[in-house]
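None of the values given here were measured: they were computed from a predicted structure. Counting convention: from 1, in listed order, for ligands and their atoms alike.
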Amino acid sequence: MTRVAVNGVTGQMGGAVIEAATDSEVVVGFATSDTDTVDGVPVVHPADAAAALREYDVDAVVDFAIPDGALTVAEACVEAGVPMVVGTTGFDEDGMARLNDASDSIPLLKAANFSQGIQVLQRLVREAVGTLEDYDLELMETHHNRKVDAPSGTANSILAVIQEERDVEPVYGREGHAPREEDEIGVFARRAGDIRGEHELVLAGNDEVLSLSHRAEDRGVFAAGALDAATWLVGRDAGWYAFGDVVDA
Ligand SMILES: NC(=O)C1=CN([C@@H]2O[C@H](COP(=O)(O)OP(=O)(O)OC[C@H]3O[C@@H](n4cnc5c(N)ncnc54)[C@H](O)[C@@H]3O)[C@@H](O)[C@H]2O)C=CC1
Ligand SMILES: O=C(O)C1=N[C@H](C(=O)O)C[C@H](O)C1
């Protein structure tokens, strides 16, 4: 049974990981709040993460926090030699570089979305955009009203796939009065209620519209994917890994 530490354990995803852990065991969590335990899981301040990783004999860290928090725990994982699954989104360029540096010392697997459906959606997007070369592209995402980063990490990952296939210029929202440029891709982020995560790419042209979309019904889908990734990651060489490696395993 994989012994897991959860970074961001007091959050929405932290709770979902604890709930989803059946073939794994959450033995400790990291958070800055002064909570002592979450659902019986001891909570440790991230500043003490390296010692806790050793004390609780952690096999892998599953991270769903904030970028700065993920980077703090990544340093602890390097110090303790513990693999890390990074689910947090919203990293800037420097943050991504620091995660990449950490992967020189530990196995690190980062995914903006740990659902298998989004992995398949990205593959369908690549085929559709590569085939329907002159169709207009518009990308939408919708999340709960507590989400602080926009566009979503998943939307950015879908955009990255599109940009590997076609030169497009993202336009983040639209207002005012101007024609749509041919190489534009509109990117829109909606925030409402407790929507778990919806993504849609519209390809329009040639008197037809193709829509590729995904909707997460429960945070458990992400938690299960991250726990599978953690078990898969244990024992591997140091390096940068992707969730597609797990889905294809
Ligand atoms: N990769 C994926 O499949 C998914 C990724 N996410 C991402 O996970 C992150 C967390 O999402 P939620 O749980 O909804 O947010 P949340 O706001 O409910 O939870 C974040 C948690 O991090 C804690 N935190 C704050 N500062 C910290 C620090 N320095 N060290 C450790 N923990 C700290 C907060 O106390 C909170 O408990 C977001 O970036 C979100 O985009 C969310 C769902 C799925
Ligand atoms: O904040 C969320 O909830 C989610 N965030 C991830 C993202 O930014 O793509 C993944 C999922 O869509 C849920």
Salt-bridged, [X] to [Y], with N to O below 4.0 Å?
| X | Y | value |
| --- | --- | --- |
| Glu138 | Arg174 | yes |
| Asp92 | Arg98 | no |
| Arg190 | Glu141 | no |

Under the side chain to side chain contact (heavy atoms under 4.5 Å, CB included) test, which residues partner Val168, sequence neighbours left out?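 Once residues adjacent in sequence are excluded, the partners of Val168 under the side chain to side chain contact (heavy atoms under 4.5 Å, CB included) criterion are Leu137, Ile162, Gln163, Arg166, Ile185.
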Pairs flagged by ring-ring contact (aromatic ring centres under 6.0 Å, His included) wherever residues 171-226 is involved - sequence neighbours left out: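 Sorted result for residues 171-226: His143-His199.
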Are any protein N/O atoms closer than 3.5 Å to the N/O atoms of ligand 2? If there are, list each pair with names and the distance to one decimal place.
| unit_1 | atom_1 | unit_2 | atom_2 | d |
| --- | --- | --- | --- | --- |
| ligand 2 | 1 (O) | Lys147 | NZ | 2.9 |
| ligand 2 | 3 (O) | His144 | NE2 | 2.9 |
| ligand 2 | 5 (N) | Lys147 | NZ | 3.1 |
| ligand 2 | 8 (O) | Thr89 | OG1 | 3.4 |
| ligand 2 | 8 (O) | Lys147 | NZ | 2.7 |
| ligand 2 | 8 (O) | Gly153 | N | 2.9 |
| ligand 2 | 9 (O) | Gly153 | N | 3.3 |
| ligand 2 | 9 (O) | Thr154 | N | 2.7 |
| ligand 2 | 9 (O) | Thr154 | OG1 | 2.5 |
| ligand 2 | 12 (O) | His143 | NE2 | 2.6 |

Name each N or O atom in ligand 1 that is under 3.5 Å from a protein N or O, and give the partner atom and the distance.
| unit_1 | atom_1 | unit_2 | atom_2 | d |
| --- | --- | --- | --- | --- |
| ligand 1 | 1 (N) | Gly87 | O | 3.2 |
| ligand 1 | 1 (N) | Ala111 | O | 2.9 |
| ligand 1 | 1 (N) | Ala112 | O | 3.0 |
| ligand 1 | 3 (O) | Phe114 | N | 2.8 |
| ligand 1 | 13 (O) | Gln12 | N | 3.4 |
| ligand 1 | 13 (O) | Met13 | N | 2.9 |
| ligand 1 | 14 (O) | Gln12 | NE2 | 2.8 |
| ligand 1 | 18 (O) | Gln12 | N | 2.9 |
| ligand 1 | 35 (O) | Thr10 | OG1 | 3.4 |
| ligand 1 | 37 (O) | Thr10 | OG1 | 2.6 |
| ligand 1 | 37 (O) | Gly11 | N | 2.9 |
| ligand 1 | 39 (O) | Thr89 | N | 3.0 |
| ligand 1 | 39 (O) | Thr89 | OG1 | 3.3 |
| ligand 1 | 41 (O) | Thr89 | OG1 | 2.6 |
| ligand 1 | 41 (O) | Lys147 | NZ | 2.9 |

Test item: side-chain donor near acceptor, [X] and [Y], under 3.5 Å:
| X | Y | answer |
| --- | --- | --- |
| Thr88 | Asp63 | yes |
| Ser157 | Gln122 | yes |
| Glu200 | Ser211 | yes |

Is any side-chain heavy atom of Val234 closer than 4.5 Å to a side-chain heavy atom of Thr2?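 In short, these two side chains touch, coming nearer than 4.5 Å.
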